[in-house]
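Here's the structure, in structure tokens; my notes come after.
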There are 2 protein chains.
Amino acid sequence: MQRPVPALQNSLLDALPPADLARFAQHIVQVELDRGRLLYDPGDQIDHIYFPHDGVISLMTLMENGQAIESTTIGPEGALGLMAAVAPRQSLSRAIVQTPLRAARISAERLHEAWERSATLRHLVDRHTEALYGHAIQSVACNALHSVEARFCRWLLTCHDRISTDTVALTQEFLADMLGVQRTTVTAVARSLQAKGVIRYRRGVVDIIDRAGLQALTCECYGVIRDTYQRLLGPAAGGLNGRGERWINGQ
Amino acid sequence: MQRPVPALQNSLLDALPPADLARFAQHIVQVELDRGRLLYDPGDQIDHIYFPHDGVISLMTLMENGQAIESTTIGPEGALGLMAAVAPRQSLSRAIVQTPLRAARISAERLHEAWERSATLRHLVDRHTEALYGHAIQSVACNALHSVEARFCRWLLTCHDRISTDTVALTQEFLADMLGVQRTTVTAVARSLQAKGVIRYRRGVVDIIDRAGLQALTCECYGVIRDTYQRLLGPAAGGLNGRGERWINGQ
DNA sequence: GCTAGACTGTCGAGAACTCGACACTCGCAC
DNA sequence: GTGCGAGTGTCGAGTTCTCGACAGTCTAGC
């Protein structure tokens with residue numbers, strides 16, 4: 001089933017007054033990036049900031065042994081590298097495109113100029129930073145306290161909120177990497193969820209069949225993080241519940 | 001063994017030009033707070049900002065069932081609630097005093113006024129925010145990937161870096177809460193570490209005997225987080241290695 | 001000195017996940 | 001249609017930690 005295609009919008013850009021947006025609109029480039037695309041690695045200078053319209057970017061923490069795990073994600077409710085609008089800085093994470101991404105991109109320099117002139121933008125950058133921090137600290141707890149199944153469900157729900165279809169292209173290996181678990185554990189959970197009727201999967205693809213069932217199975221972290229984004233960035237922050245709500249009402 | 005008593009200093013306050021500091025020094029109150037003191041709960045308005053001179057504040061993520069786990073900590077390299085200097089905000093965590101705390105405290109309003117006038121303070125707030133975020137995302141990975149023993153060692157090292165003695169007053173129950181594990185697991189690890197000669201413990205107290213041994217047993221997260229603070233806030237950020245280094249050289 | 005409650009020790013069973021490896025499948029590209 | 005390599009299925013052994021509960025210890029306060 002194809003969900004209603006949302007307008008190609010990013011919550012932060014949408015929240016800017018038109019006059020503020022006009023100041024830097026000519027510096028914005030629209031990009032489309034394939035799944036798997038590496039945007040930044042730890043230590044890379046953040047020279048561009050991405051405002052997703054659709055799709056998700058995973059921010060991953062890398063280990064010395066090459067292992068990695070997702071710490072937070074960025075979707076249409078936010079922006080990748082936004083703190084670089086305030087001052088030059090280096091990435092702390094590996095940022096990769098998780099699902100096909102359409103985004104507005106602008107150089108950090110240009111956005112810094114806009115930041116200096118727009119109180120609203122400064123406010124949004126500040127709030128987004130806080131939301132991301134809230135996301136991270138909730139994930140600290142989640143990874144320690146919750147089962148792989150709950151986290152698997154959380155991952156799917158978060159992804160679902162930010163894309164325009166019920167179908168997520170992802171391999172079990174990939175999800176195992178994101179969750180920091182073994183691929184065969186993901187296999188076991190996927191089979192269990194399929195048996196419960198909440199998803200259907202085949203090679204490289206997961207279909208979300210029963211979103212409410214997924215929500216019943218996930219941990220509280222899904223809702224806490226969503227609520228944090230909404231409180232700080234408004235109902236449209238969203239990629240999360242704002243859009244989900246429109247869809248539910250329209251169904 | 002009593003370590004050299006460090007000057008009662010906070011890295012952020014020390015990094016401010018005297019003229020900037022003078023602007024709000026009369027609004028600073030020195031406080032001493034006992035272990036266990038609750039400073040903020042999630043949702044509380046952050047009305048005061050604490051700059052520890054000595055001691056540690058734990059920031060904990062709370063679960064619905066009352067369970068909790070430490071997401072990050074604040075010591076003399078930083079400040080609790082510092083983002084409230086930028087704009088009014090609510091705490092995302094439960095903040096409790098983990099070891100006896102001596103701190104400089106100032107109202108968020110007053111520090112906001114100073115923030116508006118001091119470019120250095122704005123820079124420090126920005127950098128501290130980033131360091132805290134880096135701390136959190138490393139902890140996301142640590143909690144998922146590393147053993148309780150490694151995390152136990154990390155916890156002790158981090159605490160050791162920020163206090164003036166080799167003796168940490170803490171119960172196994174408390175540490176189990178911080179790490180999000182069962183108390184009996186902490187007992188097992190403590191016994192093992194004692195058998196390895198790196199700590200000695202008795203009821204409610206842990207003595208750090210062999211710091212280098214602890215460092216060999218901990219995970220990479222200890223060093224990564226320490227390096228992030230140093231890179232962003234300078235060598236003195238350091239509750240961490242800066243002070244450790246002085247101590248080692250003086251030995 | 002004594003007592004009570006907080007703190008640690010101990011335990012067996014169990015759950016959740018890891019490990020490492022190989023077999024099987026399937027979907028895409030030619 | 002076909003072949004191949006990526007992706008999933010399966011497996012048994014093992015590890016780490018949880019669970020829940022009770023016994024033993026120790027320290028602070030009276």
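Just so we're on the same page: letters track the sequence lines, and every chain starts at 1.
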Check the interface with nucleotides 5-8 of chain D: list each N/O to N/O pair with the protein under 3.5 Å, or write none.
from   : atom 1 : to      : atom 2 : distance (Å)
dG5(D) : N2     : R203(A) : NH2    : 3.1
dA6(D) : N3     : R203(A) : NH1    : 3.4
dA6(D) : N3     : R203(A) : NH2    : 2.7
dT8(D) : OP1    : G204(A) : N      : 3.0
dT8(D) : OP2    : Q172(A) : N      : 2.9

Hey, which of [options] is the one that makes side chain to side chain contact (heavy atoms under 4.5 Å, CB included) with [X]?
X: Q172(A); options: V189(A), D177(A), V186(A), V206(A); answer: V186(A)
X: V56(B); options: I96(B), T99(B), I74(B), V97(B); answer: T99(B)
X: Y133(A); options: T129(B), I137(B), T72(B); answer: T72(B)

Testing Q9(A), Q30(A), E32(A) for side chain to side chain donor-acceptor pair (under 3.5 Å) with H53(A), which one passes?
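The side chain to side chain donor-acceptor pair (under 3.5 Å) with H53(A) is passed solely by Q30(A) among Q9(A), Q30(A), E32(A).
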Show the numbers, then the answer: is there a side chain to side chain donor-acceptor pair (under 3.5 Å) between Y50(A) and N10(A)?
CA-CA 10 Å; Y50(A) 295 81; N10(A) 171 275; over 6 Å; no
Salt bridge or not between D44(B) and R94(B)? Use side-chain N to carboxylate O under 4.0 Å.
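Result for this pair is no, no salt bridge flagged.
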I would like to know whether D161(A) and R211(A) meet salt bridge (charged side-chain N to carboxylate O under 4.0 Å, His left out); could you show each step before the answer?
CA-CA 10 Å; D161(A) 284 337; R211(A) 184 187 162 91; 2.9 Å; yes
How close or far is atom C1' of dA6(C) from atom CZ of R35(B), stated in whole angstroms?
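Taking atom C1' of dA6(C) as the reference, CZ of R35(B) is at 12 Å.
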Spacing between F174(B) atom CZ and dT8(C) atom P, to the nearest angstrom:
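Going from CZ in F174(B) over to P in dT8(C) covers 12 Å.
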For the pair Q182(A) and T184(A), evaluate side chain to side chain donor-acceptor pair (under 3.5 Å) and give the outcome as yes or no after the intermediate values.
CA-CA 5 Å; Q182(A) 216 191 5; T184(A) 50; 3.1 Å; yes
What nitrogen or oxygen pairs link the protein and nucleotides 12-17 of chain D at under 3.5 Å?
from    : atom 1 : to      : atom 2 : distance (Å)
dC17(D) : OP1    : V148(B) : N      : 2.9

